[in-house]
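Atoms within each ligand, like the ligands themselves, are counted from 1 in listed order. Quick note: numbers below take in every heavy atom, side chains included, and nothing from hydrogens, waters or symmetry partners. The model shown is predicted, which means the values in this text are computed figures rather than measured ones.
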Amino acid sequence: MSKDQKFETQAIRTQIAPTHAQEHSTPMYLTSSFIYNDAEEMRAAFAGENDRHIYSRFSNPNFEELANKLCQMEGAEAGYVFATGMAAVFSTFAALANAGDHIISCRSVFGSTHTVFTKILPKWNIETTYVEVNSTADWKNAVQPNTKLFYLETPTNPGVDLVDLEFAGQFCKEHGLILIVDNCFATPYLQQPIRFGADLVIHSATKFIDGQGRVLGGITVGRKDLIEEIYAFSRSTGPALSPFNAWVLSKSLETLAVRMERHCENALALSEFLEAHPKVNWVKYPGLKSHPQFDIAQKQMNKGGALVAFGIQGGLENGRNFLNHLSLCSLTANLGDSRTIATHPSSTTHAKLTEEERLKVGITPELIRVSVGLEHIDDIISDIQQALEKA
Ligand SMILES: Cc1ncc(COP(=O)(O)O)c(C=O)c1O
């Protein structure tokens, strides 16, 4: 695989070697374990002296292809795949943080990641301090002698705020912190955090990497020394992806570029429509000039992505009416699907946060999040228009 090849070519042509059958498309390796010709070959596999697979709790050709492909796309040295995005998030923290270590995280994080920080890691005396996405000058006040990791998502979920990756990269370098970025909303097609100094990048592959709402998966890629620690933790604790899901996800990456182009085109058109609608108070989309951090979007993202947040007039009640009148768009927990999805975060994905916690990250009762899909834009707009009119 040539490093000079373009993103789309690498996404399609990064493949594991074919078997003796000389198949064109990588087969599925649905096997729990792998066999050896003799005792010496088996001993060497267990000793890590050859690159033979052992057991699908931690190694399988389909995992290898998926991890290699995402490493190419993110510009990473190594990677490890997981059963879900949350398995990737938790295993990464559990592998790298020791009892007594401290984490700094941007406050706007996915709901379950917030639960890991506030309810699970404290069991091992690993505490997290939140910092505000928009007050980077205050970040240094959060640094403690035992701070080890810095975590962020950009664009954030569901507020679609941005964190300045260049600033975060320099900040972490200056303070000797490991920078971990959840790049699930942008995907490597739109944004490559390692270019800005991230040490690790995490994905919920359930989102745009699959892109069709079929399977769950997670991936962490980045510095080889850190991935080795994550591997050692995960090999024994078992947050493993299934080979079937790895196969699906690797195939899906072949079309990531074309899918993201259309997601972004549709999302921009929908944002422009919403901005001009009298029943909409505000719209936040990184591809709109009105986004408060449009300059950051220009610096670190190729395009605005598929997620649009807006505030509907009339708050909670009208928001719920709006959702009830949608007929094409789906009401579902996922995002990053070929189907357009609308959600009301304060009563669903972020309901476990207190009202105060929600407001701190901009999740007002009026906020609607749309994950814009790949249907024809005229049909997406017409469904949203009729629901707005009835709300
Ligand atoms: C930004 C972000 N990170 C992580 C996750 C967790 O991923 P999974 O549902 O695959 O465990 C999600 C899921 O919605 C997410 O939106």
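Listed for the R57 side chain is no donor-acceptor partner under 3.5 Å among the backbone atoms of S32.
Selection from V89, V109, D182, L307 by nearest heavy atom to atom 2 (C) of ligand 1 gives D182.
A parallel orientation is assigned to the rings of F171 and F167, their planes being inclined by less than 30° (bins at 30° and 60°).
Of the options W282, Y285, F322, F273, a ring-ring contact (aromatic ring centres under 6.0 Å, His included) to F310 is made by F322 and by none of the others.
In the vicinity of M86, heavy-atom distances shorter than 4.0 Å reach the ligand 1 atoms 6 (C), 7 (O), 8 (P), 11 (O). Those atoms of ligand 1 that come under 4.0 Å of a heavy atom in G85, given as number and element, are 7 (O), 8 (P), 10 (O), 11 (O). Close approach of ligand 1 to N157 (heavy-atom distance below 4.0 Å) involves ligand atoms 16 (O).
In terms of protein heavy-atom proximity, atom 7 (O) of ligand 1 is nearest to S204 OG, 3.0 Å. The protein heavy atom nearest to atom 14 (O) of ligand 1 is K207 NZ, 2.8 Å. Looking at atom 10 (O) of ligand 1, its nearest protein heavy atom turns out to be T206 OG1, 2.6 Å.
A salt bridge is defined here as a Lys NZ or Arg NE, NH1 or NH2 lying under 4.0 Å from an Asp or Glu carboxylate O, and E49 with R43 meets this definition.
Atom CZ of R320 sits in a sparse spot, with 12 or fewer heavy atoms from other residues, nucleotides or ligands closer than 6.0 Å.
F58 is listed as a side-chain neighbour of Y80, based on a closest heavy-atom distance under 4.5 Å.
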